[in-house]
Amino acid sequence: MKAQPAQLPQLLKKGLAPVYLVSGDEPLLVQECCDQIRQAARKAGYGDRVTYHADQQLDWNTVGEEFGALSLFAEKRRIEIHLPNGKLGDGRKVLEQVLPEPPDDIILILISARLDAAELRRKWYKLLQDKGVHVTVWPVDNDKFIGWLQQRARNQNLHLTRGALDMLAERLEGNLLAAAQELERLALLANGETIDEETVEKAVQDSARFNVFELVTELLLGNAQSAQRIIGFIQHEGENPLGLLSILSRDLNLVLELQQAVKQRETPGSFLKQRGIRQPQRARALEAAARRLSRPTIYQALALCSDVDRTAKGFGKLPPWHHLRDLASLMAK
């Protein structure tokens, strides 16, 4: 069955399904849905976890063997499989064997980017809908972002003036993960008081001399030296690279769409306006990247984004900052 994130808590109260698919392009909402499933699974005794990342190095035969081997143990387990590009590839055969009769001692959680129409027509997905739950996460529309921001603040017992909300919304440009991090920072500054524009400005000044938004702009402009300097500072400050990653991946895909729109004789200004890009600096950076970067280079940059995501989650030997530095060099070409 299909479900929206708001329906998930009630579904989990009714009982656990053997398999969950959480998909979408909003990392924060995907992560929070998965956390709810994990918490419910732990309460039900599924304490052990095995995690796979479906990149080119994954041997799906090993995943299939894991399903069979678990029946030998008394422990209940969660098997989590990350699908960064929304495609199963060789994993389809494994799921088509497992899903008709899922093991009682396993809960499978698939964590994916948005699935394309072709994947939704495949046999494995139909089996999943029959046996489990697909939680579809959709982006928050630009005109609803302020409302989302206000509601999340209320959930954290934060009170913001309208001016503070407007300032945050303009700065965050619809990025939910960055918004969540900013609200956590504001909660420390507010100390129970109402948050106004001055408090937001102080949070901006205290957060860092550089921020991820500046870094994305420098990457799009191909300013490698400046980008490398900001990467070093953000790394030193202990920032989570996943916040940067969601912004950069979004903008790289926007650049691809902008290039296609220009080929169809649409003006960059018209395209960006339709996409809600209001800040002149960001618009100029996107236009510059669309003119300067070839499509193969952008695809290679997106692949490096996947490497950053994988290593930030504990996969691979190199740190995510290594791949970010490679990304800065690549985008300067």
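- For Lys313, the NZ atom counts as densely surrounded, since its 6.0 Å shell holds more than 12 non-hydrogen atoms of other residues, nucleotides or ligands.
- Identified under the salt bridge (Lys or Arg N to Asp or Glu O under 4.0 Å) test for residues 106-128, with sequence neighbours left out: Asp25-Arg114, Lys87-Asp116, Arg92-Glu119, Glu119-Arg122.
- Here the CG atom belonging to Leu304 is positioned 9.0 Å from the CG atom belonging to Leu324, to the nearest 0.5 angstrom.
- Linking Ile, Leu, Val, Met, Phe, Trp and Tyr residues whenever their side-chain heavy atoms come within less than 4.5 Å leaves Leu245 and Leu318 in two separate clusters.
- The OH atom of Tyr52 sits 4.0 Å away from the CD atom of Glu66 when rounded to the nearest 0.5 Å.
- Counting only N and O atoms by type, the side chains of Asn61 and Glu65 include no donor and acceptor under 3.5 Å apart.
- Counting non-hydrogen atoms of neighbouring residues, nucleotides and ligands closer than 6.0 angstrom, the CG atom of Asn155 exceeds 12 such neighbours.
- Shortest non-hydrogen contact noted between Phe67 and Pro103 is CD2-CG, 4.4 Å.
- Not one N or O on the side chain of Arg78 forms a donor-acceptor pair closer than 3.5 Å with the backbone of Arg42.
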Under the side chain to side chain contact (heavy atoms under 4.5 Å, CB included) criterion, do Leu248 and Leu327 qualify, and how do the steps go?
CA-CA 11 Å; Leu248 180 58; Leu327 187 60; 3.2 Å; yes
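- Listed here is the closest heavy atom pair of Pro268 and Val262: CG-CG2, 4.1 Å.
- In the model, Asp309 has no side-chain atom that pairs as donor or acceptor with a side-chain atom of Ser306 under 3.5 Å.
- Crowding of Glu257 atom CD: a count of heavy atoms from other residues, nucleotides or ligands under 6.0 Å exceeding 12.
- Interatomic distance, CZ of Arg295 versus CD of Gln300, reported as 15.0 Å (0.5 Å rounding).
- Under the 4.5 Å side-chain heavy-atom criterion for Ile, Leu, Val, Met, Phe, Trp and Tyr, Trp138 and Leu149 are members of distinct hydrophobic clusters.
- A 6.0 Å sphere centred on CD of Glu193 holds no more than 12 heavy atoms belonging to other residues, nucleotides or ligands.
- Side-chain contact check for Leu128 versus Leu110: some heavy-atom pair is nearer than 4.5 Å.
- The shortest distance between side-chain heavy atoms of Leu108 and Leu95 falls below 4.5 Å.
- In the displayed structure, Gln281 atom CD is contacted under 6.0 Å by at most 12 heavy atoms of other residues, nucleotides or ligands.
- When side chains are defined from C-beta on, Trp60 counts as touching Ile81, because their heavy atoms get closer than 4.5 Å.
- Rounding to the nearest 0.5 Å places CZ of Arg154 at 10.0 Å from CG of Leu160.
- Residues Leu115 and Leu21 form a side-chain contact, since some pair of their non-hydrogen atoms from C-beta on lies under 4.5 Å apart.
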Side chain to side chain donor-acceptor pair (under 3.5 Å), that's the test. Do Thr199 and Asp196 meet it? Break it down for me.
CA-CA 5 Å; Thr199 309; Asp196 56 15; 2.9 Å; yes
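- Among pairs with a residue in residues 29-40, those fulfilling side chain to side chain donor-acceptor pair (under 3.5 Å) read Glu32-Arg152, Asp35-Arg38, Arg38-Glu80, at least two apart in sequence or across chains.
- Looking at heavy atoms from C-beta onward, Leu8 lies out of side-chain contact with Val22 at the 4.5 angstrom threshold.
- Residues Cys305 and Leu252 form a side-chain contact, since some pair of their non-hydrogen atoms from C-beta on lies under 4.5 Å apart.
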Decide side chain to side chain contact (heavy atoms under 4.5 Å, CB included) for Gln4 and Val135; before the verdict, give the C-alpha distance in whole Å, the side-chain angles of both, and the deciding distance to 0.1 Å.
CA-CA 6 Å; Gln4 299 298 317; Val135 183; over 6 Å; no
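- The ring-ring contact (aromatic ring centres under 6.0 Å, His included) analysis of residues 311-333, with sequence neighbours excluded, yields the pairs His53-Phe315.
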Does the pair Leu58 and Val63 meet the rule for a side chain to side chain contact (heavy atoms under 4.5 Å, CB included), with working shown?
CA-CA 9 Å; Leu58 178 61; Val63 180; 4.0 Å; yes
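- No donor-acceptor pair closer than 3.5 Å links the side chain of Arg284 to the backbone N or O of Leu221.
- Taken to the nearest 0.5 Å, the CD atom of Gln7 stands 12.0 Å off from the NZ atom of Lys2.
- Nearest heavy atom pair, residue Ala41 against residue Leu16, reads CA-CD1, 3.8 Å.
- No hydrogens or angles considered: a donor-acceptor pair under 3.5 Å links the side chains of His134 and Ser23.
- The minimum heavy-atom distance linking Gln259 with Leu293 is given by the pair NE2-O, 2.8 Å.
- The two residues Leu219 and Met331 make their nearest non-hydrogen contact at O-CE, 3.4 Å.
- Nearest heavy-atom pair across Ile107 and Ala17 is CG1-O, 3.9 Å.
- Residues Gln228 and Ser329 have side chains in contact (heavy-atom distance under 4.5 Å, counting atoms from C-beta outward).
- For Asp141, there are no salt bridge (charged side-chain N to carboxylate O under 4.0 Å, His left out) partners two or more places apart in sequence or in a different chain.
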Would you please test Leu258 and Val255 for side chain to side chain contact (heavy atoms under 4.5 Å, CB included) and show each step?
CA-CA 5 Å; Leu258 174 55; Val255 171; 5.5 Å; no
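- A donor-acceptor contact shorter than 3.5 Å is absent between the side chain of Glu26 and the backbone of Pro139.
- The side-chain contact (heavy atoms from CB on, under 4.5 Å) check on Thr194 picks up His159, Thr161, with sequence neighbours excluded.
- The stretch residues 9-22 participates, sequence neighbours left out, in no side chain to side chain donor-acceptor pair (under 3.5 Å) pair at all.
- Taking 4.5 Å as the limit, every side-chain heavy atom of Glu266 sits out of range of all side-chain heavy atoms of Gln260.
- Rounded to the nearest 0.5 Å, atoms CG (Leu127) and CD (Glu101) are 11.5 Å apart.
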